[in-house]
Amino acid sequence: MCSRSIPARANTLSESTGKDAERRRGAAHEVLKLRAGMLAQARDFFAGRGILEVETPLLSRGVVVDRYLDPPVCGYSHGAGGQRESLYLQTSPEAAMKRLLAAGMGSIYQVGHAFREGERGRLHNPEFTLIEWYRPGLDHHALMDEVGALLGQLLPRLCKAGSWEKLSYRQLFRDRLGIDPLECEVGELGQAAESLGVEIHGDFPWKDKDAWLDLLLSTRLQEDLGVDHPVFIYDYPASQAALARLCPDEPRLAERFELYIGGLELCNGYHELLDAAEQRARFEEANEQRREDGRQPLALDEKLLQALEAGLPECSGVALGFDRVVMLACGAQSIDEVLAFPFEDI
């Protein structure tokens, strides 16, 4: 594996195919070869555990509604002069994969593209690659261990077997900021941000407790997470885990986790919510929040809700940002260095 970022001047096809070849901004050839090898490793890992690869549609008539995620909308016509409808490009294959789980498919995974509007930067491309998988019978702690095992193969220098730490969201804030994220009020969070020198630019939802928690996490905690060894943060506030079940001993928390290596967030996982009525209520609440934020409400994925009503097995699921894993493998500083064609070059 390469251990440094690839110089920008090397990121052209012309060096290997002649001076008249098309120049591009994306990954150097050795990075694309590394990327392909890591995908092959991941598939071998899942095959060895009896986890079946599936493919589900990128387009859907409804979505998993999230307050902050905006799926691109595509127009589709049913033949010449036919009815035209709007379809969504998926922000994650979650809904379709859960429908397969409800149909009895068992443990499944998918390597696929996902899409999100308004997300472009050093760590974000509007179209990106996820490895997402679901494991009936596992809770979120067992799934964390499986994520660690996979990354132990993909990132052996950074994620040695059993080297990861597990730290609850609540303990993280208590230990490092002296704040209890469940008991504190918005005013206390604002005072903490001010005392820590956090600068706020542009519009900010001053009365939103989760917004303050996210601000403190991203500006004063995240950079140090996973620097010495990988760290799983688990059991987030219930208001930040729309598809996870609540913790049985503390309903203000939900069984969600994220993994950080070198300050970089790599995955988002849940001990999955099974209650269709509760899931519908959470989607509707997210749409109401979107209206308050000035965002368009989204069509609920009714087929997912029907699958939950039919019965989803006890399971946990996780979405891993594969592009970011490749970034860590080759020391890239930008997601553009690991994509064949970044957004500006399509």
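Source: prediction; values computed, not measured. The chain is numbered in sequence order, starting from 1. The analysis underlying the following values was restricted to heavy atoms, covering all of them including side chains, and did not include hydrogens, waters or symmetry mates.
Checking side-chain atoms of Q240 against main-chain N and O of P237 turns up no donor-acceptor pair under 3.5 Å. N125 places no side-chain N or O within donor-acceptor distance of the main-chain N or O of F128, the cut-off being under 3.5 Å. Not a single donor-acceptor pair under 3.5 Å links the side chain of R282 to the backbone N or O of A286. Judged by distance alone, the side chain of W206 and the main-chain N or O of F204 form a donor-acceptor pair under 3.5 Å. Using modelled atom types, one side-chain atom of E250 and one backbone atom of R252 make a donor-acceptor pair closer than 3.5 Å. Judged purely by atom type and a 3.5 angstrom limit, E337 uses its side chain to pair as donor or acceptor with the backbone of Q333. A donor-acceptor pair is defined here as one N or O able to donate and one able to accept, closer than 3.5 Å; no such pair exists between the side chain of S60 and the backbone of V63.
The salt bridge (Lys or Arg N to Asp or Glu O under 4.0 Å) search around R291 returns E288, not counting sequence neighbours. Every residue meeting the salt bridge (Lys or Arg N to Asp or Glu O under 4.0 Å) condition with E302, not counting sequence neighbours, appears here in chain and number order: R280. Listed by chain and residue number, nothing satisfies the salt bridge (Lys or Arg N to Asp or Glu O under 4.0 Å) test with E132 (two or more places apart in sequence, or in another chain). N287 meets the side-chain hydrogen bond (donor to acceptor under 3.5 Å, both in side chains) test with no other residue; sequence neighbours excluded. By the ring pair (Phe, Tyr, Trp, His ring centres under 6.0 Å) test, Y234 pairs with H141, sequence neighbours left out. In this structure, the ring pair (Phe, Tyr, Trp, His ring centres under 6.0 Å) partners of Y236, at least two apart in sequence or on a different chain, are Y169. A search for salt bridge (Lys or Arg N to Asp or Glu O under 4.0 Å) contacts involving D70 returns R290, R295, not counting sequence neighbours. In terms of the ring pair (Phe, Tyr, Trp, His ring centres under 6.0 Å) criterion, H113 has no residue partners (sequence neighbours excluded).
Ion pairing of R99 with D301 is absent here, as no side-chain N (NZ or NE/NH1/NH2) approaches a carboxylate O to less than 4.0 Å. For K209 and E185, the salt-bridge test fails: no basic side-chain N is under 4.0 Å from an acidic carboxylate O. Ion pairing of R116 with E127 is absent here, as no side-chain N (NZ or NE/NH1/NH2) approaches a carboxylate O to less than 4.0 Å. D336 has no carboxylate O lying under 4.0 Å from a charged side-chain N of R122, or vice versa, which leaves the two without a salt bridge. Checked for salt-bridge contact, R170 and D235 miss the test: no charged N lies under 4.0 Å from a carboxylate O. We find that E258 and R256 are joined by a salt bridge, their nearest charged nitrogen and carboxylate oxygen being less than 4.0 Å apart.
Residue pairs meeting the side-chain hydrogen bond (donor to acceptor under 3.5 Å, both in side chains) criterion with at least one member in residues 211-224, sequence neighbours excluded, do not occur. Each ring-ring contact (aromatic ring centres under 6.0 Å, His included) pair with one or both residues in residues 82-103, not counting sequence neighbours, would appear here, but there are none.
Closest approach of M38 to L155, counting heavy atoms only: CE-CD2, 4.5 Å. In terms of heavy-atom proximity, D345 sits nearest to F341 at OD2-CD2, 3.6 Å. Looking at every heavy atom in both residues, V73 comes nearest to S86 through CG1-CB, 3.7 Å. When every heavy atom of L305 is checked against every heavy atom of A276, the shortest pair comes out as O-CB, 3.8 Å. Across all non-hydrogen atoms, the minimal contact from S77 to R84 is OG-NH1, 2.8 Å. The two residues P342 and G26 come nearest to each other via the heavy atoms CD-CA, 3.6 Å.
For K166, the NZ atom counts as densely surrounded, since its 6.0 Å shell holds more than 12 non-hydrogen atoms of other residues, nucleotides or ligands. Heavy atoms from other residues, nucleotides or ligands lying under 6.0 Å from CD of E194 number 12 at most. The local environment of CD in E199 is sparse, with at most 12 non-hydrogen atoms from other residues, nucleotides or ligands closer than 6.0 Å.
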Atom pairs and distances, side-chain donor-acceptor, residues 308-316, under 3.5 Å, sequence neighbours left out:
| residue | atom | partner | partner atom | Å |
| --- | --- | --- | --- | --- |
| E314 | OE1 | R245 | NH1 | 3.0 |
| E314 | OE1 | R245 | NH2 | 3.0 |
| S316 | OG | L138 | O | 2.8 |
| S316 | OG | D139 | O | 3.4 |
| S316 | OG | H140 | N | 3.2 |

Compile the donor-acceptor pairs under 3.5 Å between side chains in residues 101-109 and protein atoms, sequence neighbours left out, one pair per line.
| residue | atom | partner | partner atom | Å |
| --- | --- | --- | --- | --- |
| S107 | OG | R135 | NH1 | 2.9 |
| Y109 | OH | E53 | OE1 | 3.0 |

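Among the candidates L151, L259, L150, V325, the single residue satisfying the side-chain contact (heavy atoms from CB on, under 4.5 Å) test with C267 is L259.
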Given L130 and L320, is the side chain to side chain contact (heavy atoms under 4.5 Å, CB included) satisfied, shown in steps?
-> CA-CA 6 Å; L130 284 177; L320 175 69; over 6 Å; no
I would like to know whether V64 and L300 meet side chain to side chain contact (heavy atoms under 4.5 Å, CB included); could you show each step before the answer?
-> CA-CA 7 Å; V64 170; L300 279 58; over 6 Å; no
Would you sort out whether L216 and I179 count as a side chain to side chain contact (heavy atoms under 4.5 Å, CB included), showing the intermediate values?
-> CA-CA 11 Å; L216 290 169; I179 295 170; 4.2 Å; yes
Go through the steps to decide whether T129 and R35 satisfy the test side chain to side chain donor-acceptor pair (under 3.5 Å), and finish with yes or no.
-> CA-CA 11 Å; T129 300; R35 183 184 177 106; 3.2 Å; yes
Give the intermediate values and the outcome of side chain to side chain contact (heavy atoms under 4.5 Å, CB included) for residues F257 and V318.
-> CA-CA 9 Å; F257 68 87; V318 62; 3.9 Å; yes
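Residues L89 and L59 form a side-chain contact, since some pair of their non-hydrogen atoms from C-beta on lies under 4.5 Å apart. The side-chain heavy atoms of V147 and F232, taken from C-beta on, include a pair separated by under 4.5 Å.
Note on Y76 and L58: same hydrophobic cluster, where clusters join Ile, Leu, Val, Met, Phe, Trp and Tyr whose side-chain heavy atoms are under 4.5 Å apart, directly or indirectly.
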